[in-house]
2 protein chains.
Amino acid sequence: VSQPAHQTRAANQPHIEDSDGALQLALLPEPFTMHRGGVLERVQVAYETWGKLDAERNNAVLLFTGLSPGAHAGSSDADSTPGWWEYMLGPGKPIDTNRWFVVCVNSLGSCFGSTGPGSIDPRTGKPYNLEFPELAVEDIAKAGRETVRLLGVKRLRAVVGPSLGGMTALAYSVLYGDELDHLITISAACRAHPFAIAMRSLQREVIRADPAWKGGDYAAEAEPTEGMRLARKVGLMSYRSAEEWRHRFGRERIANEYLSGGAFAPEFQVESYLEHNARNFSGRFDANSYLYLSRAMDWFDLADYGGSVEAALARVGARRSLVIGVESDVLFPVDQQREIAEGLRQAGRVVEFASLPSVQGHDAFLIDEERFAPLVRDFLARA
Amino acid sequence: VSQPAHQTRAANQPHIEDSDGALQLALLPEPFTMHRGGVLERVQVAYETWGKLDAERNNAVLLFTGLSPGAHAGSSDADSTPGWWEYMLGPGKPIDTNRWFVVCVNSLGSCFGSTGPGSIDPRTGKPYNLEFPELAVEDIAKAGRETVRLLGVKRLRAVVGPSLGGMTALAYSVLYGDELDHLITISAACRAHPFAIAMRSLQREVIRADPAWKGGDYAAEAEPTEGMRLARKVGLMSYRSAEEWRHRFGRERIANEYLSGGAFAPEFQVESYLEHNARNFSGRFDANSYLYLSRAMDWFDLADYGGSVEAALARVGARRSLVIGVESDVLFPVDQQREIAEGLRQAGRVVEFASLPSVQGHDAFLIDEERFAPLVRDFLARA
């Protein structure tokens, strides 16, 4: 049996790790200079790919994710579990992997294989925790770009991203404006508005208020799960829409056999839904990663490039863009999508803009296949 | 100097305490049976009055409050500090105290003079805390009614309430349908929708997660102020509107000299605003009172009276009603106001309905004098 490839070359050499599973690892060129200062000695990006890179290396699509998912956007032979965007990605699907070589990266700073606050700091042999340098959306974009370059891709046919992924796609398009042809942003923003900042600030505060957070120095086996659980509930208040919950839960009560009892215990179905979702999340996502990614979203401001959002959007190199927003989204409201579309249009780019009446709020792109799939399919069919 | 009146009569006799200040106390008839079961031995209601009861005792207006204010709705000779509805209430103001005898009660269960979880349980000599019986909106309505009866008022010219006060006014109008002529509800609801329930449930959970809450058995000098501070921030996310914050705060940063420093400390003005408001609140409001009042709002369901909201509204005795909603209110959305107005209209009542474009969300009635004052003035001028 031959040695795994990464043992046959210097560990500090940029390379792709061999993998039997779907999740693969890219060791990026060193050092990795961070947007807001500081340097990471060793940066690893976890990613998955679908489809095949063609001989001209001209069919690659890069997908950035929202705050919480990993790189497993869709199922594959190597990992048949459904991905977070299962309906969107695969053979014959809107992002058709028979045609496109799709790369989805786990964001730098996240906790699903990419380097983040929970990674070992090579200088100390211990987790970075809050010694991790300040993370910006630009760093996530750069890590994605370095990853596809390691895969031999110098130019992307499309960069795609919803939510934080949309912010990252915008950052990518401005920073590397001549390296992409098409851009798809969904429920994104050129910069967060104060309600979104407040929502995230409150989530971060709830995490930090958990004594188990210990100023970021918690052990892996003693994570601040209570703080994460409550923070997730705060977040959920802005991910869906009040209207969706009216239809879905109304004033339905929890069935007697599921009542936990105790003073002020949940009684309504909507409380049970929040609890279920929050429990699933709190054991799965690293608290410090959450803090770093969440703050990066507040800081991001496309107007840093040229002094205004309009000036920044004029630097986007993509010839054609698809910009999608959702009318019930309170976190990345639809007028922020219109701002992107209009800015690109004013800069002479071809833009398709859709304002969708989906009831699922910010999360609609995860659920409303009926509305999202045809838009993306149609746009990419002409790419 | 004569003895204070309450020392010259049996303490268990229903009566009004003499008072030099604006805040007065009513000792209600005993025992006070609670809507969801249980009995309070001794119930005290704190209230303020403005204007004079006329000889026919036919000019009384009862005002119920939202979740957090006390009975000090407006300034007076006895207390010149501005009240929580200062623009609305006073001589020559929309609720004109030259004409009306106005009574504002601190809700039963609250902590500004009325009996609540923090009051001494006469059976034990200690605070009730969670031994306080379950509180319903109907109990608040009943305590208000008993208070005005002690003042010699058997019929109200108007019952007025915003937010929880509007729910209470609705409860009053159904329970004592033949004891009022006019009804004014503002940003109220016949029953909470699931987003509002979730928002309040989360606030209650954040309070209960504070170790200082101690299952409700905290001492007065060791209140769960951290939990209350965070709960207030959660609440504030639903009291205003994202649009207001965009205009008010944008992405303005906190001035350098006010930065507190430390990892993940506030940087944006909107964070500073939340912090300031939450700190003011957390030292001022009793945690258990908050839990009881908050839960009462979730439980309240006007459809309990007759099987449907429509059937219940048909029991409202008021001849004329004014129903006001705010288009940017996410907590008591304007379609819930429309439901009240249409229900009353279908039952043959005279209804004036206004859907206001105020930007301040649920809190608009506290701020948007320009829109609210003329509506209330005009309605009461014809009462």
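Letters go in sequence order (proteins before strands), and every chain restarts at 1.
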Just say parallel, tilted or perpendicular for the rings of Phe195(B) and Trp245(A), cut-offs at 30° and 60°. tilted
Heavy-atom proximity to chain B below 4.5 Å, by part of [X]:
X: Glu243(A); answer: neither
X: Tyr273(A); answer: neither
X: Ala196(A); answer: neither
X: Arg191(A); answer: both
X: Glu275(A); answer: side chain
X: Arg253(A); answer: side chain
X: Ala209(A); answer: side chain

Taking all atoms of both residues into account, what is the closest heavy-atom pair of [X] and [Y], and its distance?
X: Pro333(B); Y: Arg246(A); value: CG-NH1, 3.6 Å
X: Ala198(B); Y: Leu274(A); value: CB-CD1, 3.6 Å
X: Phe268(B); Y: Asp298(A); value: CZ-O, 3.6 Å

Can Arg204(A) and Glu271(B) be counted as an ion pair, charged N to O under 4.0 angstrom? yes
For the residue pair Arg295(A) and Phe264(B), would you count it as a cation-pi contact if the rule is NZ or CZ under 6.0 angstrom from the ring centre and within 45 degrees of the ring axis? yes
When heavy-atom pairs shorter than 4.5 Å are enumerated against chain A, which of Glu226(B), Arg240(B), Glu267(B) gives the highest number? Glu267(B)
Residue from Gly215(B), Gly250(B), Pro266(B), Ala263(B) scoring the most non-hydrogen pairs under 4.5 Å with chain A is Gly250(B)
Mind checking the CE-OG spacing from Met237(B) to Ser238(A)? Nearest 0.5 Å is all I need. 7.5 Å
Rounded to the nearest 0.5 Å, the CG atom of Leu202(B) sits from the CG atom of Leu230(A) at a distance of 6.5 Å
Would you find a donor on one side and an acceptor on the other, under 3.5 Å apart, between the side chain of Arg251(A) and the backbone of Ala192(B)? yes
Under a 4.5 Å heavy-atom cut-off, does chain A meet the side chain of Glu244(B), its backbone, both or neither? neither
The interface call for Arg229(B) against chain A, heavy-atom contacts under 4.5 Å, is side chain
What option among Gly216(A), Pro194(A), Ser201(A) has the most heavy-atom pairs under 4.5 Å with chain B? Pro194(A)
